[in-house]
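Predicted model only: the values in this text are computed from it and were never measured.
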Amino acid sequence: MDTPLTFSTRNVNQEVEMHNDPLVITLPIHGWNVTKVLIDRGSSLNVLFYGSYLRMGLTAEQMDSSTCTIYGFNGAVSIPRGEIVLQVQAGPLVTNTRFCVVDAPSPYNVIMGRLWVHRLRGTALTYHHYLCFPTPMREMEIKGDQQDARLYNLAEVIFNEEKFVARQHERKRRKKILRK
């Protein structure tokens, strides 16, 4: 696959101003057209959130036990419920992809990490808002939806703010108890 990948300003949606939006796409995974797929070049894992896992009709018995621990950027630890290998289709390319199944709230259904992007020999372009990769026939791109990405990002910000406020209230409650 010697197809050159090219990028230019003509690929940018001119209707949208400068942004810091995440790249969110739709991907066929395990025969399902999965929306709200975050392409995260900083993630070393592919994450399938448990609610999405169940909506895909998968059962706990289909999962392998997990040997990994997921550390968030703030050091928070998440232990996956398990792992599963599912087929992911990107254009004509189909890859068997390992996912850590995590039972945690998220505005996304799936997070695809850099290993999957590298297996495609692709490039995730957040400014241009698409995933670009070579195929035997030609260069392919999967366009992200910037408006949806903004909504999901806003949902994540609100969720994190609510968690922060809840933690503050819990700390105040504990201090009151300790003072008594």
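Clustering ILVMFWY residues whenever any of their side-chain heavy atoms sit less than 4.5 angstrom apart, transitively, puts Tyr71 in the very cluster that holds Ile79. Linking Ile, Leu, Val, Met, Phe, Trp and Tyr residues whenever their side-chain heavy atoms come within less than 4.5 Å places Leu54 and Val101 in a single cluster.
A 4.5 Å side-chain heavy-atom check between Asp21 and His129 finds at least one atom pair inside the cut-off. Within the 4.5 Å cutoff, side-chain heavy atoms of Ile29 are placed close to those of Val110. When side chains are defined from C-beta on, Pro134 does not count as touching Glu139, because their heavy atoms never get closer than 4.5 Å. In this structure, the side chains of Glu141 and Leu125 stay at 4.5 Å or more apart for every pair of heavy atoms. Under the 4.5 Å side-chain criterion, counting only non-hydrogen atoms from C-beta, Leu48 is not in contact with Val102. Side-chain contact between Ile70 and Pro80 is present, with at least one heavy-atom pair separated by less than 4.5 Å. The side-chain heavy atoms of Ile142 and Leu27, taken from C-beta on, include a pair separated by under 4.5 Å. Leu93 is not listed as a side-chain neighbour of Arg119, based on a closest heavy-atom distance of 4.5 Å or more.
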Passes side-chain contact (heavy atoms from CB on, under 4.5 Å), Leu58 versus Leu86? Steps please.
-> CA-CA 11 Å; Leu58 298 166; Leu86 300 173; 4.1 Å; yes
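Sorted by first then second residue, the ring pair (Phe, Tyr, Trp, His ring centres under 6.0 Å) pairs that include residues 45-64, not counting sequence neighbours, are Tyr50-Tyr53. Screening residues 94-123 for ring pair (Phe, Tyr, Trp, His ring centres under 6.0 Å) gives no qualifying pairs among residues at least two apart or on separate chains. The stretch residues 27-42 participates, sequence neighbours left out, in no side-chain hydrogen bond (donor to acceptor under 3.5 Å, both in side chains) pair at all.
Listed by chain and number, the residues in a salt bridge (charged side-chain N to carboxylate O under 4.0 Å, His left out) with Arg81 are Asp103 (sequence neighbours excluded). Judged as a side-chain contact (heavy atoms from CB on, under 4.5 Å), and not counting sequence neighbours, the contacts of Val165 are His169. Considering only residues two or more places apart in sequence or on other chains, Glu170 meets the salt bridge (charged side-chain N to carboxylate O under 4.0 Å, His left out) condition with Arg173, Arg174. In this structure, the side-chain contact (heavy atoms from CB on, under 4.5 Å) partners of Pro92, at least two apart in sequence or on a different chain, are Thr135, Met137, Met140. Applying the side chain to side chain donor-acceptor pair (under 3.5 Å) test to Thr59 and every residue at least two apart in sequence or in another chain returns Glu61, Gln62. Here Gln89 pairs with nothing under the side chain to side chain donor-acceptor pair (under 3.5 Å) rule; sequence neighbours left out. Residues passing the salt bridge (charged side-chain N to carboxylate O under 4.0 Å, His left out) test with Arg167: none are found, sequence neighbours excluded. Applying the side-chain contact (heavy atoms from CB on, under 4.5 Å) rule to Ser65 yields no partners; only residues at least two apart in sequence or on another chain are considered. The side-chain contact (heavy atoms from CB on, under 4.5 Å) test applied to Val117 returns Ile39, Leu131, not counting sequence neighbours.
Residues Ser66 and Glu83 approach most closely at OG-OE2, 3.0 Å, considering heavy atoms. Nearest heavy-atom pair across Arg114 and Ser44 is NH2-CB, 3.6 Å. Summarising the geometry of Ile25 relative to Lys143, their closest heavy-atom pair is CG2-O, 4.0 Å, with the distance given to 0.1 Å.
Side-chain N or O atoms of Arg98 include none that pairs as donor or acceptor with a backbone N or O of Val85 at under 3.5 Å. Remark: the backbone N or O of Gly113 is paired with a side-chain donor or acceptor of Asn46 at under 3.5 angstrom. Judged purely by atom type and a 3.5 angstrom limit, Ser43 uses its side chain to pair as donor or acceptor with the backbone of Leu45.
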